[in-house]
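Have a look at the structure below before the remarks.
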Amino acid sequence: MSTEKKTKGNEVLIAIIGLTGVLTPAGLSSWDKIYPKSNVIKAEYLGYRPTGNFETELRHYFNVSGARQAHDNTQKHLVQNFKMRPISQYPN
């Protein structure tokens, strides 16, 4: 056998191994889509469902992220500082 035939044989073997290595995981990961079972139990999702209303979504985001609480605390501190400033400047 010549070295050209051996090289081509090795290249074909490597290509087959690579193709098998790609197609096997793809087939296994899609097995349930290729052969679906009719007796699969489906659970209803009970989590957050978007409303599509921007203001409602923004309010929900502020509540979940803690931004609303931080804003409220900042406002309380500002009001306290504004009340205390005249008292500290003019104690009488």
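Numbers here simply count residues along the sequence, with the first being 1.
Connection of Val79 to Met84 is not established within any shared hydrophobic cluster, with ILVMFWY side chains joined at heavy-atom distances below 4.5 Å, either directly or through further cluster members. Two different hydrophobic clusters hold Tyr90 and Phe82 under the rule that ILVMFWY side chains link at heavy-atom gaps under 4.5 Å.
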* To do: Begin from the C-alpha positions of Asn73 and Gln69 and carry the test side chain to side chain contact (heavy atoms under 4.5 Å, CB included) through to its verdict.
  => CA-CA 6 Å; Asn73 287 340; Gln69 184 68 30; 3.5 Å; yes
Test log, rule side chain to side chain contact (heavy atoms under 4.5 Å, CB included), inputs His60 and Tyr48 = CA-CA 10 Å; His60 178 72; Tyr48 173 73; 3.5 Å; yes
Worksheet entry | Stepwise side chain to side chain contact (heavy atoms under 4.5 Å, CB included) test for His77 and Gln80 | CA-CA 5 Å; His77 289 295; Gln80 287 176 352; 3.9 Å; yes
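In this structure, CD in Glu55 is found 8.0 Å from CG in Leu58, a value given to the nearest 0.5 Å. Note: Leu19 CG to Ile14 CD1 = 13.5 Å, rounded to the nearest 0.5 Å. One distance of note links OG of Ser88 with NZ of Lys83; it measures 14.5 Å at 0.5 Å rounding. With values rounded to the nearest 0.5 angstrom, Thr20 atom OG1 is found 7.0 Å from Ile16 atom CD1.
When every heavy atom of Arg68 is checked against every heavy atom of Asn63, the shortest pair comes out as CD-OD1, 3.0 Å.
Counting heavy atoms from C-beta outward, Arg85 and Asn81 have side chains that stay 4.5 Å or more apart.
With hydrogens and angles disregarded, a donor-acceptor distance shorter than 3.5 Å links the side chain of Glu57 to the backbone of Thr51.
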